[in-house]
Amino acid sequence: MKKQVLKLDLDDLEDSGEDLVHLFFHTSVPGYVFVDDINHLYNLSLCRQNDLELDEQRWPLYTYHDTLRQLDYYLIERPGGAAGIASHWAPGHKMMVLKGENALETAKRMYNDFSTPPPLPDECNPTETEQYNILTSYQQAFTPVTIYDFNAPATTSKKMLKERNELEVLFSTILDLLDP
């Protein structure tokens, strides 16, 4: 079977003014369930791809390209045995990389959806009801969401600085795997 290679050209990001955003979902909900929920919430079609191989571990990968919004979605799930390179990222947690002109706005919307109580749905609208139920279940399970800010000021704590450096090395490694 031919290995599928995904390309995420970081040089093009600098020239085109496109955003690149990392969004963490701190949940151990199985990847296929989480992806199904995200697809229903945001009308996406994230699909399973060949796993990323990183530090002798297989990291589940889901991707989607929104041609209308010109936005790429990459969802990566941390496997259980990857503590050596992702100790600050718990097993089963997910990272979504958004790439495109409005990636930051999309990430902020997702963050807000998971962080604030959703409005009550119109009872006659099954889509709103489904979205309300999905978001409410994640909020009741205390699913925090984090947008990683590369431009945040560096901390003075040696431990926090070390964790930040490790996380940025991990980001770089994952992006290199997506961009051979």
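This is a predicted model, so every value here is computed, not measured.
Atom CG of L98 is separated from atom OH of Y74 by 10.5 Å, given to the nearest 0.5 angstrom. We find the NE2-OG distance between H65 and S45 to be 12.5 Å, quoted to the nearest 0.5 Å. In this structure, R78 CZ and M95 CE are separated by 12.5 Å, a value rounded to the nearest 0.5 Å. For the atom pair L135 CG and L41 CG, the distance stands at 4.5 Å (nearest 0.5 Å). The CG atom of D72 lies 9.0 Å from the CG atom of D66; values are rounded to the nearest 0.5 Å. For the atom pair T146 OG1 and L23 CG, the distance stands at 8.0 Å (nearest 0.5 Å).
K94 and E77 make their closest contact through NZ-OE2, 3.3 Å (heavy atoms, listed as atom of the first residue, atom of the second, distance). Considering every non-hydrogen atom in both A103 and V21, the closest pair reads C-CG2, 3.8 Å. Across all their heavy atoms, T127 and N125 have their closest contact at N-OD1, 3.0 Å.
Note: Y138 and F25 fail the aromatic proximity criterion, with ring centroids not under 6.0 Å apart.
In terms of hydrophobic clustering, with Ile, Leu, Val, Met, Phe, Trp and Tyr side chains grouped at heavy-atom distances under 4.5 Å, L46 and M110 are assigned to a common cluster. Transitive grouping of hydrophobic side chains (ILVMFWY, heavy atoms separated by less than 4.5 Å) brings L61 and L20 into a common cluster. Under the 4.5 Å side-chain heavy-atom criterion for Ile, Leu, Val, Met, Phe, Trp and Tyr, F171 and L75 are members of distinct hydrophobic clusters. By the rule that hydrophobic residues join a cluster once side-chain heavy atoms approach within less than 4.5 Å of another member, I134 and L44 end up as members of one cluster. In this structure, F142 is not a member of the same hydrophobic cluster as Y132, with clusters built from ILVMFWY side-chain heavy atoms closer than 4.5 Å.
A donor-acceptor pair under 3.5 Å links the side-chain atoms of N112 to the main chain of K108, judged by distance alone. With hydrogens and angles ignored, the 3.5 Å screen pairs no side-chain donor or acceptor of S172 with any backbone N or O of E168. Listed for the Q139 side chain is a donor-acceptor partner under 3.5 Å among the backbone atoms of D113.
Residues T106 and Y42 form no side-chain contact, since every pair of their non-hydrogen atoms from C-beta on lies 4.5 Å or further apart. The closest side-chain heavy-atom distance from R58 to P79 is not below 4.5 Å. Looking only at side-chain heavy atoms (C-beta outward), Y62 and Y32 come within less than 4.5 Å of each other. Residues L54 and T173 form a side-chain contact, since some pair of their non-hydrogen atoms from C-beta on lies under 4.5 Å apart.
Under the side chain to side chain contact (heavy atoms under 4.5 Å, CB included) rule, I76 has a single partner from L177, V97, D51, which is V97. Under the side chain to side chain contact (heavy atoms under 4.5 Å, CB included) test applied with D19, the options L71, N102, L104 reduce to a single match, L104.
Within a 6.0 Å sphere centred on OH of Y64, heavy atoms belonging to other residues, nucleotides or ligands number more than 12.
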